[in-house]
Asker: 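For reference, the structure I am asking about is given below.
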Amino acid sequence: SSQHSYHSDYVPTFPHQQQPTQPTRSVTKKQHDINMTSVRLEASCHCGKVFYSFDTFTPYPFMICHCIADRKTSGFYNVNIMGVTKGMNIRGEEHVKVYQARKDQTGGSKEELSGHKRHFCKECGSSLWAKHDDYPEFIYPFASCIDSPLPTPPQEIHIMCDFKADHIKIPQGTEIHSRYPKDSIEKWHKDRGLYGTYQLPKA
């Protein structure tokens, strides 16, 4: 299903914690189908041992997560975009390791491992992409490792704010969610007419 919600455990739907602070415009399916194309992005780790490329229709890095697992593994908070597994190319895969957090690190049970698998470089520790067992057709690249220019989102939302570190201040008027939002990355892009519209700047 394309209507899954992004984040640490990728559970399909969660109660909407707060209504958007900015209105979204309605976009018809016909409008989406016009010039809707994926864009090929490149990413790498800090030490250069891992490189990967992938296609995406949803490149806007708008969703900022404050869950404990993301804060601990990223060093601050985290932003992922969504890409397509098919056609993904990886160089240096032998340097990639996978980490699965316990669910209590993302708001669930400590007895169970999350289906969300964080892939990182075992040499330098760079976060690379995430994948979830329930959604094998998608990957969730970490915006921090993407080398290609990413578009600036028209708005940001902050999620999992129940776990936010005290020293992090969210600007007043920002859309926030105490846990997971209801809308998926795909729906967010489509609601704003941004799905499959981004093109890389010409060199």
Asker: Mark yes or no: Arg118 above the aromatic ring of Tyr99, with NZ or CZ under 6.0 Å from the six-membered ring centre and no more than 45 degrees from the axis.
Answerer: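 Pair Arg118/Tyr99 does not count as cation-pi.
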
Asker: Any chance the side chains of Thr85 and Lys131 put a donor and an acceptor closer than 3.5 Å?
Answerer: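 Distance-only check passes for Thr85 and Lys131.
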
Asker: Taking Phe142 as the starting point, is it possible to reach Tyr60 by hopping between hydrophobic residues whose side chains are less than 4.5 Å apart?
Answerer: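 No: no chain of side-chain contacts under 4.5 Å links Tyr60 to Phe142.
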
Asker: Work out which heavy atom in Ser127 is nearest to a heavy atom in Phe120; give both atom names and the distance.
Answerer: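 Here Ser127 and Phe120 meet closest at CA-CB, 4.2 Å.
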
Asker: Of the non-hydrogen atoms in His132 and His116, which two are nearest, and what is the gap between them?
Answerer: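 Minimum heavy-atom separation between His132 and His116: CD2-N, 3.4 Å.
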
Asker: Taking Ser38 for the side chain and Thr56 for the main chain, is one N or O donor matched with an acceptor at less than 3.5 Å?
Answerer: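 Looks like no, no N/O pair under 3.5 Å.
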
Asker: Within the structure provided, determine whether Arg192 and Gln155 are in side-chain contact (heavy-atom separation under 4.5 Å).
Answerer: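 Yes, their side chains come closer than 4.5 Å.
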
Asker: What pair of heavy atoms forms the shortest contact from Thr58 to Glu186, and how long is it?
Answerer: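 For Thr58 and Glu186, the tightest heavy-atom pair comes out as CG2-CA, 4.1 Å.
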
Asker: Is the distance between the ring centroids of His177 and His158 under 6.0 Å?
Answerer: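 No: the rings miss the under 6.0 Å criterion.
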
Asker: Please examine the side chains of Lys117 and Asp133, heavy atoms only from C-beta on, and report whether any two atoms are closer than 4.5 Å.
Answerer: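 Touching, per the 4.5 Å side-chain cut-off.
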
Asker: Testing the basics here: between Ser126 and His46, what is the closest heavy-atom pair and its distance to 0.1 Å?
Answerer: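 That would be OG-N, 3.0 Å.
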
Asker: Looking at Ile170, is its backbone amide N or carbonyl O close enough to the side chain of Thr174 to form a donor-acceptor pair, meaning the two atoms are under 3.5 Å apart?
Answerer: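 Checked: no pair found.
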
Asker: Tell me, do Phe54 and Val84 make a side-chain contact under 4.5 Å, heavy atoms counted?
Answerer: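 They are not in contact (no side-chain heavy atoms under 4.5 Å apart), so the answer is no.
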
Asker: Just how far is it from atom CG of Asn78 to atom OG of Ser144, taken to the nearest 0.5 Å?
Answerer: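 So the CG of Asn78 and the OG of Ser144 are separated by 6.5 Å.
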
Asker: Hey, would you say the Trp129 and Tyr140 ring centroids sit under 6.0 Å apart?
Answerer: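 Here the rings of Tyr140 and Trp129 have centres that are no less than 6.0 Å from each other.
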
Asker: For the ring pair Tyr77 and His66, is the centre-to-centre distance below 6.0 Å?
Answerer: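 Yes - the distance between ring centres of Tyr77 and His66 falls below the 6.0 Å cut-off.
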
Asker: Is the shortest distance from a Lys or Arg side-chain nitrogen in Lys86 or Asp55 to a carboxylate oxygen in the other one below 4.0 Å?
Answerer: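 No, Lys86 and Asp55 are not salt-bridged.
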
Asker: Between His189 and Phe57, is the ring centre distance below 6.0 Å?
Answerer: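 No, the ring of His189 stays outside the 6.0 Å limit from the ring of Phe57, centre to centre.
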
Asker: For the residue pair Ala43 and Asp147, what are the closest heavy atoms and their distance?
Answerer: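 Looking at all heavy atoms of both residues, the shortest contact is C-OD2, 3.4 Å.
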
Asker: If you look at every heavy atom in Cys124 and Cys47, which pair is closest and at what distance?
Answerer: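 Closest approach of Cys124 to Cys47: SG-N, 3.5 Å.
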
Asker: Give me the one residue out of Met160, Lys164, Glu156 that meets side chain to side chain contact (heavy atoms under 4.5 Å, CB included) with Ile64.
Answerer: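 Among Met160, Lys164, Glu156, the one that satisfies the side chain to side chain contact (heavy atoms under 4.5 Å, CB included) with Ile64 is Glu156.
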
Asker: Is the backbone of Gly115 close enough, under 3.5 Å, to the side chain of Asp134 for a donor and an acceptor to pair up by distance?
Answerer: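 Looks like no, no N/O pair under 3.5 Å.
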
Asker: Report yes if the side chains of Phe163 and Cys65 come closer than 4.5 Å at any heavy-atom pair, otherwise no.
Answerer: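 They are not in side-chain contact.
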
Asker: May I ask you to test the Leu200-Ser148 pair for a side-chain heavy-atom distance under 4.5 Å?
Answerer: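 A side-chain contact exists here, since the closest heavy-atom pair is under 4.5 Å.
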
Asker: Can Met63 be reached from Tyr135 by stepping across I, L, V, M, F, W or Y side chains whose heavy atoms are under 4.5 Å apart?
Answerer: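 Cluster IDs for Tyr135 and Met63 match.
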
Asker: Do Asp162 and Arg179 make a side-chain contact, defined as non-hydrogen atoms from C-beta onward lying under 4.5 Å apart?
Answerer: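 Answer yes - side chains close enough.
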
Asker: Please tell me if the side chains of Pro151 and Pro59 come closer than 4.5 Å, counting only heavy atoms from C-beta onward.
Answerer: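 Yes, at least one pair of side-chain atoms sits under 4.5 Å.
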
Asker: Would you say Ile90 and Val98 are hydrophobically clustered, going by side-chain heavy atoms of ILVMFWY under 4.5 Å?
Answerer: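 Different clusters.
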
Asker: Taking the six-membered ring for Trp and the full ring for Phe, Tyr or His, determine whether the centres of Trp188 and Phe62 are under 6.0 Å apart.
Answerer: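 Aromatic pair counts; centres sit under 6.0 Å.
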
Asker: Does some side-chain heavy atom of Cys45 sit less than 4.5 Å from a side-chain heavy atom of Leu128?
Answerer: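 Heavy-atom side-chain distance check passes, below 4.5 Å.
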
